[in-house]
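If you read the sequence from its start, that first residue is 1, and numbering goes on from there. Both counts, for ligands and for their atoms, begin at 1 and track the order of listing. Just so it is clear, the structure is predicted and the values come from calculations on it, not from any experiment.
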Amino acid sequence: MSAKKLLILPGDGIGQEVMVQVRRIIDWMGKKRGVAFDVSEGLIGGSAYDVHGTPLADETLADAMAADAVLLGAVGGPKWDDLPFEKKPERGLLKIRKEMGLFANLRPAVVFDALVEASTLKPEVVKGLDIMIVRELTGGLYFGQPRGIETLPDGQRKGVNTLTYTTSEIQRIGRAAFDLARKRRKKLTSVDKANVLECTVLWREEMIKLHKEEYSDVELEHLYVDNAAMQLVRNPRQFDVMVTENMFGDILSDCAAMLTGSLGMLPSASLGAADATGARKALYEPVHGSAPDIAGKDMANPLACILSFSMCLRYSFDMTAEADMIDNAVKTVLAGGLRTGDIMAAGKAKVSTTVMGEAIVRELDKMG
Ligand code: NAD
């Protein structure tokens, strides 16, 4: 079997620290499971700007296009805050997602039993929570034209962004979400604002059509985004898969993140369309940012990035057994009482990024 090509882009701040722990697991997979990854590493975000004068160099993008999967840490930090808009670290992230055609962002929100107390919601509301938010990633308000800030004849300034979706854009994200729901608990909630925004009237119509024509075995419901936000904190377990446009998904997935207690626990996957062989371009990354407040202190929780690697094994490489091993190692280590600062609780042992990474590898060792 040819080695799986994995491009690693640690990025900035804690992105670099958590990725060190993922590298341990990749090495472990090679040594103990005989899984050979062809791993290369590149720059993105502020660290790429410092070297190349751009947050995503063309060569890095070419490497990403040639890889079977890309694993990314996080980008950004105060050092680069004053750069012009197009040079900002976050532009590198938007560009790589856009160029790779990663239109589906999968954000699981899972409450581990050991962390049920970490949520700000009552344990009986979140215990056993396992939902998947599917966010459209390459269209909508974040990319629509026209956009910009202009000066009007009367001297006022006007800011413009445009919410736009075509039927094919809605259908491809709809299919991705229905397919996922079909493999889970067969319930899809489509989130829109069809009472106010025409673009999302079209969204709802297309979801209904897809449901009728291709996915009648999956239950489909529609919620307005304001209600969806309320329901997420009122009774989140009513959901299985939620699908929504780019900006709504950005906000709702962060809201769902907090149901689980910490950004440091949340992985994500971004997938493109399948090619003729069934392979998809794919990028895996933790949901959190570069956390400048704790960067360089060996304090970051590496589990979101480690769980992102687990998603990579599951969705890009069909390595379900290895992905399950990682997920179980995380569960066991948490049940054993180890905690990084972000998920610390009374009576638990506070550990560093490094110690948490080592503990996961030790658990993997026990499983073989
Ligand atoms: P952030 O996610 O970096 O941090 C928010 C808070 O959560 C901070 O207090 C941080 O210490 C904590 N936190 C985040 N991840 C953690 C982890 N793994 N372990 C422990 N604590 C963790 O968000 P922010 O502060 O709004 O943004 C900081 C920088 O990151 C900005 O430059 C922003 O643009 C960038 N950012 C990047 C991404 C990305 O790369 N995908 C996402 C969000 C923000």
ask   = Out of curiosity, Gln21 CD to Ile26 CD1, how far, rounded to the nearest 0.5 Å?
value = 11.5 Å
request  = Using a strict cut-off of less than 4.0 Å between a Lys/Arg side-chain nitrogen and an Asp/Glu carboxylate oxygen, indicate whether Glu322 and Arg33 qualify as a salt bridge.
outcome  = yes
query = So does Asp240 pair up with Arg184, basic N to acidic O under 4.0 Å?
reply = yes
remark   = Paired with Leu93, the side chain to side chain contact (heavy atoms under 4.5 Å, CB included) test is passed by just one of Arg91, Lys95, Arg97, namely Arg97
Any idea which protein heavy atom is nearest [atom], and the distance to it?
atom	result
atom 12 (C) of ligand 1	Ala291 CB, 4.5 Å
atom 16 (C) of ligand 1	Ile14 CD1, 3.8 Å
atom 27 (O) of ligand 1	Pro292 CD, 4.7 Å

Looking only at distance, does [X] have an N or O less than 3.5 Å from an N or O of ligand 1?
X	value
Gly289	yes
Leu263	no
Ser290	yes
Val75	yes

Provide the number and element of each atom of ligand 1 under 4.0 Å from a heavy atom of [X].
X	value
Ala300	19 (N)
Gly264	17 (C), 18 (N)
Gly76	32 (O)
Ala74	40 (O)
Asp342	19 (N), 20 (C), 21 (N)
Glu285	41 (N)

request  = Using the test side chain to side chain contact (heavy atoms under 4.5 Å, CB included), find all partners of Lys122 that sit at least two apart in sequence or belong to another chain.
outcome  = Glu124, Val125
inquiry  = Can you see whether Phe103 has Arg172 sitting over its ring - NZ or CZ less than 6.0 Å from the centre and within 45° of the normal?
reply    = yes
ask   = Is Lys193 positioned over the aromatic face of Phe248, cation under 6.0 angstrom from the ring centre and no more than 45 degrees off axis?
value = no
query = Can you find a protein heavy atom under 4.0 Å from atom 9 (O) of ligand 1?
reply = yes
task = Check whether any protein heavy atom sits under 4.0 Å from atom 25 (O) of ligand 1.
result =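 When distances to the protein are checked, atom 25 (O) of ligand 1 has no heavy atom within 4.0 Å.
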Under 3.5 Å, side-chain donor or acceptor atoms of residues 358-368 against the rest of the protein: list the pairs with distances, not counting sequence neighbours.
residue, atom, partner, partner atom, Å
Glu363, OE2, Lys366, NZ, 2.9
Asp365, OD1, Trp28, NE1, 2.8
Asp365, OD1, Lys32, NZ, 2.8

note = Out of Leu72, Ile44, Ile294, Asn301, the nearest non-hydrogen contact to atom 22 (C) of ligand 1 is supplied by Ile294
query = Which option, Lys88, Lys79, Glu90, His288, owns the non-hydrogen atom nearest atom 34 (O) of ligand 1?
reply = Glu90
query = Is it the side chain, the backbone, both or neither of Leu93 that has a heavy atom closer than 4.0 Å to ligand 1?
reply =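 The side chain, only.
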task = May I ask you to identify, for Asp293, whether its side chain, its backbone, both or neither come under 4.0 Å of ligand 1 on a heavy-atom basis?
result =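 Side chain only; the backbone of Asp293 stays clear of ligand 1.
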key: Trp80 ring center within less than 6.0 Å of Tyr49 ring center   =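 No, the ring centres sit 6.0 Å or more apart.
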key: Within the 6.0 Å centroid threshold, strictly below: Phe37 and Phe317   =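 Distance test on ring centres: under 6.0 Å, yes.
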ask   = Does at least one non-hydrogen atom of Ala304 fall below 4.0 angstrom from an atom of ligand 1?
value = no
key: Sub-4.5 Å side-chain heavy-atom contact between Lys297 and Thr353   = no
task = Tell me, with the steps shown, if Glu136 and Thr244 meet side-chain contact (heavy atoms from CB on, under 4.5 Å).
result = CA-CA 6 Å; Glu136 203 290 329; Thr244 191; over 6 Å; no
